[in-house]
A.B. asks: 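One structure coming up, written as structure tokens, with questions to follow.
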Amino acid sequence: MSHATGETRPVRKGEKVDTVRLGSFLRSELDVGPREIEVEQFPSGSSNLTYLLRIGPDEYVLRRPPFGNVVATAHDMGRE
């Protein structure tokens with residue numbers, strides 16, 4: 001997988017990910033073990049929040065709907 005460090009930034013205020021809950025979920029779904037999860041955020045886009053997760057040598061992309069109210073014309077994350 002390509003390394004996207006130059007394209008990510010620290011997570012914006014108010015858009016942090018609960019890494020404890022995420023880690024529990026990932027350990028139940030993937031073979032990631034008890035490794036620490038590093039989270040950065042892709043800076044573009046506000047309709048859906050997109051994060052880069054680093055777990056040991058592996059990288060994953062996490063997309064989620066924004067926090068709070070969603071604009072009626074925004075892309076529907078529920079269908080993904």
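Atom set for the values below is all heavy atoms of this structure, side chains included, hydrogens, waters and symmetry mates excluded.
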A.B. asks: Taking side chain as C-beta onward, heavy atoms only, is Val39 less than 4.5 Å from Leu62?
C.D. replies: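 A side-chain contact under 4.5 Å is absent here.
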A.B. asks: For residues 25-35, which side-chain N or O atoms pair as donor and acceptor with protein atoms under 3.5 Å away, sequence neighbours left out?
C.D. replies:
| unit_1 | atom_1 | unit_2 | atom_2 | d |
| --- | --- | --- | --- | --- |
| Ser28 | OG | Phe25 | O | 2.7 |

A.B. asks: Keeping the roles fixed (side chain from Gln41, backbone from Arg12), state whether a donor-acceptor pair exists under 3.5 Å.
C.D. replies: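 Checking the backbone N and O of Arg12 against the side chain of Gln41, a donor-acceptor pair under 3.5 Å is found.
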A.B. asks: Just wondering, do Tyr51 and Leu49 contact through their side chains at under 4.5 Å, heavy atoms?
C.D. replies: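 Yes, at least one pair of side-chain atoms sits under 4.5 Å.
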A.B. asks: Please name all residues satisfying salt bridge (Lys or Arg N to Asp or Glu O under 4.0 Å) with Glu38, sequence neighbours left out, ordered by chain then number.
C.D. replies: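 If we apply the salt bridge (Lys or Arg N to Asp or Glu O under 4.0 Å) test to Glu38, skipping adjacent residues, there are no hits.
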A.B. asks: Closest approach of Ile37 and Gly23, non-hydrogen atoms and distance?
C.D. replies: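 What the structure gives for the nearest pair is CD1-CA, 3.4 Å.
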A.B. asks: With the side chain counted from C-beta on, respond yes when Val17 and Leu53 share a heavy-atom pair under 4.5 Å apart, and no when they do not.
C.D. replies: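 Heavy-atom side-chain distance check fails, nothing below 4.5 Å.
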A.B. asks: What distance do Thr8 atom OG1 and Arg54 atom CZ have between them, rounded to the nearest 0.5 Å?
C.D. replies: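 That separation rounds to 5.5 Å.
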A.B. asks: Determine whether Leu52 and Glu7 make a side-chain contact, defined as any pair of heavy atoms from C-beta on separated by less than 4.5 Å.
C.D. replies: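 No, every pair of side-chain atoms sits at 4.5 Å or beyond.
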